[in-house]
Amino acid sequence: MASTIASEYSNEVKNVPIEHQFNPYSDNGGTILGIAGEDFAVLAGDTRHTTDYSINSRYEPKVFDCGDNILMSANGFAADGVALVKRFRNSLKWYHFDHNDKKLSLQSAARSIQHLLYGKRFFPYYVHTMIAGLDEEGKGAIYSFDPVGSYEREQCSAGGAAAPLIMPFLDNQVNFKNQYQPDSQGTKRRDKKYLNIDEVIKLVRDAFTSATERHIHVGDGLEILIVTKEGVRTEYYDLKKD
Amino acid sequence: MNHDPFQWGRPSDDVYGAYNSKIANASPYPSMNTQQPIVTGTSVISMKYDKGVIIAADNLGAYGSLLRFTNVERLFPVGENTVVGVSGDISDMQHIEHLLDEMQIENNYDNQYADDEEALRPSNVFEYLANVMYNRRSKMNPLWNAIIVAGLENGKPFLRYVNLLGVTYSSPTLATGFGAHLAVPLLRKVVDKEEDAAKTSLETAKKTVEECMKVLYYRDARSSRKYSVAILDNDKGLVFEKGVQVEDMVWGFAKDIRGYGTQKV
Amino acid sequence: MAGLSFENYQRNQFLSSRTNGTPKATSTGTTIVGVKFNGGVVIAADTRSTQGPIVANKNCAKLHRMAPRIWCAGAGTAADTEEVTKLVGSNLELHSLYAGRAPRVVSALQMLKQHLFKYQGHVGAYLIVAGVDPTGAHLFSIHAHGSTDVGFYQSLGSGSLAAMAVLEANWKPELTKEEAMTLAADAIEAGIWNDLGSGSNVDLCVMEVGKDAAYLRNHRTPNVREPKQQSYKFARGTTGILSQRVLDVCQVEEQVVDVEA
């Protein structure tokens, strides 16, 4: 089937059929960031919701407290993100019904989400998923997933639009990558240590204000959910709106 | 093995069953039940104010660039305290209208509490529509619309958007289509944050929406002068105004513009 | 030979089939506007430039001087707006030297549109041209394909709809200079807040008949960044010096020579 294709230079005839197909995906911007501490974990996300060059909403939260001290966010195509979180919450509810309100451990939650994602391997949820909570020993933990369910436990991770901007900053400031002990002449790495909650909040805020400066899909507001053995609490900070 | 010279080399039918020739004769292209909008409705705009919500949409059904139907109602009251505004394909809109009717009948049927605690709330209506939209897109057979659900729930304004992809979001000011580009900047000048809505009167909200409909009529080529407004107010309940017109347009300067550059007369 | 050269067409096709497409130029995203008032005209622009979703420059200048009293706001491909404005600006000066008269806005308009039409839209400049000359104040817009438009108010760029909404809602005939400046800046702000391609500050240029143009760089700065939560200064030695080598690349010798002698 021959048809006309408009190229950058001219209208030329190519032997390719033009398919006008419905595209079931879109990109709704935003970015998320999770950091685990010794006895806490945070999951933060900006509250801007976009399509193309438009701001749909300045406050549309995307980090959720799912119960059982599990925080979850699925960033990317918002409709899939909402659907995934809804499905996880539902499975958690049924887990409680079926197992006499037994608490779901974070590692089990992670494996369960892997199955939700891989279940749609050939029509994927177009999202970068992250969960945060405490592990069986009470230590902070972050799990992050790719769109089809490959996952890993990490000390910190960034997802979504500005992940490439934030991730190197995290490597340097959380895991002290490329930092050496001052008088070791680059032979001994700076000692690893757990950051406390105040240090982590500062890092998260600076990461998001910086991402807001340089990425057009990030901004408006920052919502940080913090999980400790006492439970979940939320902090909100304004970001620039331009 | 089949020894019929025309069937030679094929597994014999009596042993393996008839050969499914559909596979060999399949179209080289994927099956297409996807569509494009045909008769369309343009923007729906809406905003919250201190005592409720206001939503507006014009009455045009455009067939491409032809202004085909000039008396289409795109705002639908659902129950006592919800109004659904629909833009996009008009036939899909009428299907949605049908779904909403069915939902109301189902809710009222044999339900003695249908007027009170089991009345349809805007969040119920929205959740239903959002699921319909997301499920249809997941079947690759979308309803080609962008929808705003406006209403009152527990005395508080409710406003939420869903489109053909199943993407949903809330904001104190919402608009679909062209309205998202032309009306939202003006609406946000009045109400940007949730707190601003609590400081805005119905009068201000009405004036702002009228202004937006005027700008849309100026600049959206598929818009009409006639439109409908629905207000859900805590004191007044549902106020539905039909056949409102864009007024006080400024055209006096047009006579002073000549040509497109150097022309003088 | 005049006109476009297509000698690299085949090479480019080959290259783009072997790589990730043709390289994309920096786009200014942009909101730009112009508003006429009694006795003059004002143009304004935001200051964000983008490369895809990344902000390339937070405070770039999109208002270009073509003649002392003719200024131009540019949207589209940054390099094209810059270059076409410079080119026509130079020719405008030569023309005014030759004629011994002040350059006119319509001359700039005609030269720009003929140049852009010749390049059939491949020079991606979307411009708002404004200025004052012996015939009064003028305001035009030009699209990359060469079409032009006249009006009392204009807007262009990705934020043009947001800006135009404000202009349509608040414009009235017989504006004063101050009213026009406020309206133009408000229109740009609508782009800054509502269009992701626009952001940061508002630049303004006011041109009044019989007066020098007033270029007001960063007329409004509504997007100053808040201070960071902590300092990221590293302790000296954090980056280890593994080895050190100092090279004498050249030796400089000075000698005073008496030429007279």
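Just so it is clear, the values below take in all heavy atoms, side chains as well, and ignore hydrogens, waters and symmetry mates. Proteins come first, then strands; the chains are lettered A, B, ... in the order of their sequence lines, and each starts at number 1.
- B:Val167 is not listed as a side-chain neighbour of A:Thr51, based on a closest heavy-atom distance of 4.5 Å or more.
- For CZ of B:Arg68, the number of neighbouring non-hydrogen atoms (other residues, nucleotides, ligands) closer than 6.0 Å is 12 at most.
- Taking each heavy atom of B:Gly166 and A:Ala79 in turn, the nearest pair found is O-CB, 3.2 Å.
- In this structure, the portion of A:Phe77 lying under 4.5 Å from any heavy atom of chain B is its side chain and not its backbone.
- Between B:His181 and A:Ser54, the closest heavy-atom pair is NE2-OG, 3.2 Å.
- Heavy atoms closer than 4.5 Å to chain B are found in the backbone of A:Tyr59, but not in its side chain.
- Residues A:Arg58 and B:Glu194 form no side-chain contact, since every pair of their non-hydrogen atoms from C-beta on lies 4.5 Å or further apart.
- Both the backbone and the side chain of B:Leu164 come within contact range of chain A, judged by heavy atoms closer than 4.5 Å.
- The heavy-atom pair separating A:Ser57 from B:Arg188 by the smallest distance is N-NH2, 4.4 Å.
- By the 4.5 Å heavy-atom criterion applied to side chains, A:Glu60 and B:Ser171 are not counted as neighbours.
- The two residues A:Lys241 and B:Asp192 come nearest to each other via the heavy atoms CD-OD2, 3.9 Å.
- Within a 6.0 Å radius of OH in A:Tyr118, no more than 12 heavy atoms belonging to other residues, nucleotides or ligands are found.
- A:Asn28 touches chain B through its side chain: at least one heavy atom from C-beta onward sits under 4.5 Å away, while N, CA, C and O do not.
- Within 6.0 Å of the CD atom in B:Glu118, the count of heavy atoms belonging to other residues, nucleotides or ligands exceeds 12.
- Within 6.0 Å of OH on B:Tyr63 lie no more than 12 heavy atoms contributed by other residues, nucleotides or ligands.
- A:Asn56 contributes atom CG, which lies 11.5 Å from atom OG1 of B:Thr176 (distance to the nearest 0.5 angstrom).
- Residues of residues 126-138 of chain B lying under 4.5 angstrom from chain A, judged on non-hydrogen atoms, are B:Glu127, B:Asn131, B:Tyr134, B:Arg137, B:Ser138 in numerical order.
- Atom NZ of A:Lys103 has more than 12 heavy atoms from other residues, nucleotides or ligands within 6.0 Å.
- Heavy-atom proximity under 4.5 angstrom to chain B picks out A:Lys86 from residues 86-98 of chain A.
- In A:Lys120, the NZ atom is crowded: over 12 heavy atoms of neighbouring residues, nucleotides or ligands sit closer than 6.0 Å.
- In this structure, OH in B:Tyr169 is found 10.0 Å from OG1 in A:Thr50, a value given to the nearest 0.5 Å.
- A:Phe22 is not listed as a side-chain neighbour of B:Asn141, based on a closest heavy-atom distance of 4.5 Å or more.
- Under a cut-off of 6.0 angstrom, the local environment of NZ in B:Lys214 is crowded, with over 12 non-hydrogen atoms contributed by other residues, nucleotides or ligands.
- Other residues, nucleotides and ligands contribute at most 12 non-hydrogen atoms within 6.0 Å of the OH atom of A:Tyr126.
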